[in-house]
Amino acid sequence: MKIILIAAIGKNNELGKNNDLIWNLPNDLKFFRQNTLNKTVVMGYNTYKSLPNKLKNRKMIVLTNRKIDDEEIITYKNEYELLKNEYKEDLYIIGGEQVYKTFIDIADELYITKIDATTKADTYFPKFNETNYNKQIIDNNIENEISYTHIKYIRKNKLEKGKLISIEGTDCSGKATQTSLLLERLRKDNIKVSSISFPMYDSPTGAIIGACLLGKSYLCNEYFKDGIGSWFEEGANIDPLVAIDLYAADRRYNLPKINALLNRGINVILDRYVTSNMAHRGGMILDKKQRLEMYEIIKQKEYVLNKLPYPDATYLLYMPYEQACILKKNRQEIPDVVENDEVYLKNGEKAYLELANLYNYDIINCTNKEEIRKVEDINEELYHKVKKLIRG
Ligand SMILES: NC(=O)c1ccc[n+]([C@@H]2O[C@H](COP(=O)([O-])OP(=O)(O)OC[C@H]3O[C@@H](n4cnc5c(N)ncnc54)[C@H](OP(=O)(O)O)[C@@H]3O)[C@@H](O)[C@H]2O)c1
């Protein structure tokens with residue numbers, strides 16, 4: 001899949017005014033039609049609203065946080081949700097300013113109509129570094145006394161891969177909250193970053209874990225109507241070799257989403273990854289030699305056999321069990337079989353610390369002299385560490 005921007009711009013990168021086009025160039029519109037016919041086009045909500053009619057013979061995708069009442073139009077809340085869908089076909093980005101800005105740094109090709117004129121505008125095409133592209137002049141034209149050139153730009157070098165960052169944590173350490181705060185802050189810094197949470201409960205493999213193994217009531221209701229509690233008699237004590245495969249299958253099944261983002265130069269923050277499997281399964285094995293063997297089995301299974309990429313860094317949010325119990329009293333959600341099991345959680349905690357020591361994870365303490373640290377304070381530490389890693 002390629003990302004291709006197509007735009008008509010003036011001498012000062014002018015794009016539009018009052019949510020309309022500013023140039024009247026019918027042959028250029030023909031050029032746009034020829035290049036996008038039977039293709040998938042992506043646009044922002046304003047551009048969608050500016051169209052007099054739906055674009056015929058094109059699959060239309062609109063980036064918006066609103067609901068569009070038209071079953072033929074696909075919407076995504078942001079570019080990351082779009083890219084996670086690993087489209088096989090090329091995506092033609094057709095504007096406007098906000099959407100061009102979103103994709104300019106991760107585009108493979110640009111079709112630019114360079115118009116030799118200036119005019120008043122309120123939206124502009126973003127500045128881009130032409131030296132990153134090979135330039136091909138397609139044709140020169142004059143229409144309505146305006147001269148313009150169609151130029152194709154092809155990116156010279158492959159995009160640098162995004163960084164893969166895994167956030168692990170003991171019970172009640174606030175992984176999900178920390179991940180979402182981190183994402184928000186990094187995006188404010190104009191860093192391209194997305195997140196994926198495992199198990200991915202909204203995918204079939206994640207739903208199997210959530211409903212059948214963990215007995216999460218809201219998933220049971222959704223998928224199986226009546227069920228509550230684990231479908232496995234053993235619950236948290238399930239044979240680790242069975243559980244490993246369930247969790248590993250979820251990551252393997254959703255691996256294309258991770259790769260689609262990383263290959264596009266987008267950094268990915270993982271809320272839980274392979275280490276969770278190691279800590280949770282390994283934690284149940286009291287014999288150290290056997291536990292270390294289990295870590296190796298999981299590493300082999302997930303990284304070697306299932307070909308998951310190794311994370312560039314793993315951060316362990318460490319909330320000691322005693323403090324986790326205090327926090328748990330305020331939780332709204334009904335605990336699943338694992339969250340209710342004291343022995344399981346204590347063993348998991350030991351395993352996490354052992355893994356951090358073995359594999360050099362960066363431990364972020366969620367307490368300070370037994371006092372629980374503020375969410376913002378923990379996030380400050382995590383944010384600076386991750387930003388440094390991404391910026392290099
Ligand atoms: N010359 C050309 O080739 C050309 C081509 C296309 C458009 N245009 C012109 O460009 C102007 C419109 O540009 P514009 O910047 O105002 O609007 P736009 O990019 O078309 O749409 C902006 C809206 O789209 C949504 N959106 C954009 N990026 C998003 C993202 N990454 N994630 C989620 N939602 C996103 C937001 O809508 P919500 O608030 O609904 O979330 C945002 O308010 C018009 O004048 C149009 O005629 C010119």
Side-chain angles (χ1 to χ4, degrees), residues 3-36 39-55 58 60-70 73-85 91-107 109-128 138 141 143-144 146 148-153 183-184 186-195 261 264-266:
I3 292 185
I4 302 165
L5 269 58
I6 180 159
I9 66 176
K11 271 185 174 177
N12 298 318
N13 284 14
E14 301 93 324
L15 273 177
K17 193 165 177 256
N18 299 331
N19 208 30
D20 208 348
L21 296 175
I22 37 184
W23 320 99
N24 177 20
L25 303 168
N27 282 332
D28 182 50
L29 290 179
K30 234 186 242 171
F31 175 84
F32 170 82
R33 191 166 180 277
Q34 275 166 2
N35 278 294
T36 55
K39 302 279 175 25
T40 300
V41 294
V42 180
M43 70 202 85
Y45 185 77
N46 295 349
T47 297
Y48 163 71
K49 287 305 274 184
S50 76
L51 296 173
N53 300 301
K54 272 204 290 195
L55 297 173
R58 274 152 285 193
M60 287 173 64
I61 296 179
V62 180
L63 290 184
T64 180
N65 287 285
R66 295 168 229 229
K67 205 175 162 341
I68 294 180
D69 238 352
D70 184 334
I73 291 174
I74 305 163
T75 59
Y76 289 104
K77 284 194 170 63
N78 56 48
E79 67 273 26
Y80 306 107
E81 297 308 314
L82 163 73
L83 294 171
K84 271 184 206 169
N85 271 278
L91 298 179
Y92 284 75
I93 313 297
I94 63 160
E97 176 183 300
Q98 285 190 40
V99 169
Y100 290 136
K101 272 188 185 156
T102 298
F103 288 98
I104 188 75
D105 292 332
I106 55 171
E109 293 175 7
L110 321 173
Y111 281 97
I112 302 291
T113 305
K114 271 211 171 166
I115 300 163
D116 193 20
T118 58
T119 186
K120 279 199 175 149
D122 56 16
T123 43
Y124 295 84
F125 193 79
K127 295 217 165 9
F128 64 100
I138 300 172
N141 309 269
E143 205 179 357
N144 297 335
I146 297 174
Y148 61 91
T149 307
H150 287 129
I151 307 174
K152 183 175 180 182
Y153 294 89
L183 213 64
E184 203 179 300
L186 293 171
R187 284 183 184 170
K188 273 195 187 139
D189 294 335
N190 281 326
I191 292 175
K192 291 257 173 227
V193 59
S194 185
S195 71
L261 293 165
R264 201 34 74 189
I266 294 166

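Source: prediction; values computed, not measured. Order of listing sets the numbers, starting from 1, for every ligand and every atom in it. When reading the values below, keep in mind they use all heavy atoms of this one structure, side chains included, and skip hydrogens, waters and symmetry mates.
Of the protein's non-hydrogen atoms, Thr47 OG1, 3.3 Å is the one closest to atom 7 (C) of ligand 1. Summary of contacts: the protein heavy atom closest to atom 16 (O) of ligand 1 is Asn46 ND2, 3.0 Å. The protein heavy atom nearest to atom 31 (N) of ligand 1 is Glu79 OE1, 2.9 Å. In terms of protein heavy atoms, atom 15 (O) of ligand 1 is closest to Gln98 N, 2.9 Å. Annotation: atom 6 (C) of ligand 1 to nearest protein heavy atom, Ile94 O, 3.0 Å. Counting protein heavy atoms only, atom 44 (C) of ligand 1 is closest to Asn19 OD1, 3.3 Å. Shortest contact from atom 11 (C) of ligand 1 to any protein heavy atom: Thr123 OG1, 3.6 Å. Of the protein's non-hydrogen atoms, the one nearest atom 4 (C) of ligand 1 is Leu21 CD2, 3.7 Å.
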Could you check Trp23 against Thr113 for side chain to side chain contact (heavy atoms under 4.5 Å, CB included), going step by step and ending with a plain yes or no?
CA-CA 11 Å; Trp23 320 99; Thr113 305; over 6 Å; no

I would like to know whether Ile94 and Val99 meet side chain to side chain contact (heavy atoms under 4.5 Å, CB included); could you show each step before the answer?
CA-CA 8 Å; Ile94 63 160; Val99 169; over 6 Å; no

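Nearest heavy-atom pair across Met43 and Met60 is CE-CE, 3.6 Å. Residues Ile151 and Ile138 come closest through the heavy atom pair C-CD1, 4.3 Å. Closest approach of Tyr148 to Ile115, counting heavy atoms only: CB-CA, 3.8 Å. Among all heavy-atom pairs drawn from Asn144 and Pro26, the shortest one is ND2-CD, 4.2 Å.
Here Val99 has heavy atoms under 4.0 Å from ligand 1 in both its backbone and its side chain. The proximity of Asp20 to ligand 1, defined as any non-hydrogen pair under 4.0 Å, is limited to the backbone. Contacts of Ile9 with ligand 1, taken as heavy-atom pairs under 4.0 Å, are absent altogether.
Nearest to atom 33 (C) of ligand 1 by heavy atom, out of Lys49, Lys77, Lys17, is Lys77. Relative to atom 24 (O) of ligand 1, the option among Tyr45, Tyr48, Phe125, Trp23 with the closest non-hydrogen atom is Tyr45. Heavy-atom proximity to atom 35 (C) of ligand 1, evaluated over Leu51, Ile6, Leu29, Leu63, is greatest for Leu63. Evaluated by nearest non-hydrogen atom to atom 9 (C) of ligand 1, the leading choice among Gly16, Gly10, Ala8 is Gly16.
Within ligand 1, counting atoms from 1 as listed, the ones closer than 4.0 Å to a heavy atom of Gly44 are 18 (P), 20 (O), 21 (O), 24 (O). The ligand atoms of ligand 1 that sit less than 4.0 angstrom from a heavy atom of Glu97 are 13 (O), 14 (P), 15 (O), 19 (O). Each of the atoms 38 (P), 40 (O), 41 (O) of ligand 1 lies under 4.0 Å from some heavy atom of Asn65. Short contacts between ligand 1 and Ala7, defined as distances under 4.0 Å to a heavy atom of the residue, involve ligand atoms 3 (O). Close approach to Asn78 involves these atoms of ligand 1, each under 4.0 Å from a residue heavy atom: 32 (N), 33 (C). Residue contact check: Tyr100 has heavy atoms under 4.0 Å from atoms 3 (O), 5 (C), 6 (C) of ligand 1. Against a heavy-atom cut-off of under 4.0 Å, Gly95 is close to the following atoms of ligand 1: 6 (C), 20 (O). Close approach of ligand 1 to Thr64 is summarised as follows: ligand atoms under 4.0 Å from at least one heavy atom of the residue are 34 (N), 38 (P), 40 (O), 41 (O).
Tyr48 and Tyr45 have tilted rings, their planes meeting at an angle from 30° to 60° on a 0 to 90° scale. Aromatic ring pairs are classed by plane angle as parallel below 30°, tilted from 30° to 60° and perpendicular above 60°; the pair Phe31 and Tyr111 is perpendicular.
For the pair Thr47 (side chain) and Gly96 (backbone), a donor-acceptor distance under 3.5 Å is present. Although no hydrogens or angles enter the test, the distance criterion places no donor-acceptor pair under 3.5 Å between the side chain of Asn13 and the main chain of Ile9. The main-chain N or O of Gly16 is found under 3.5 Å from a side-chain atom of Thr123 such that the two form a donor-acceptor pair. A distance-only check finds a donor-acceptor pair linking the side chain of Asn78 to the backbone of Tyr80 [under 3.5 Å]. Side-chain N or O atoms of Asn141 include none that pairs as donor or acceptor with a backbone N or O of Asn27 at under 3.5 Å.
Ligand 1 has no atom lying under 4.0 Å from any heavy atom of Met43.
Using a 4.5 Å cut-off on side-chain heavy atoms (C-beta onward), Lys192 and Glu79 make contact.
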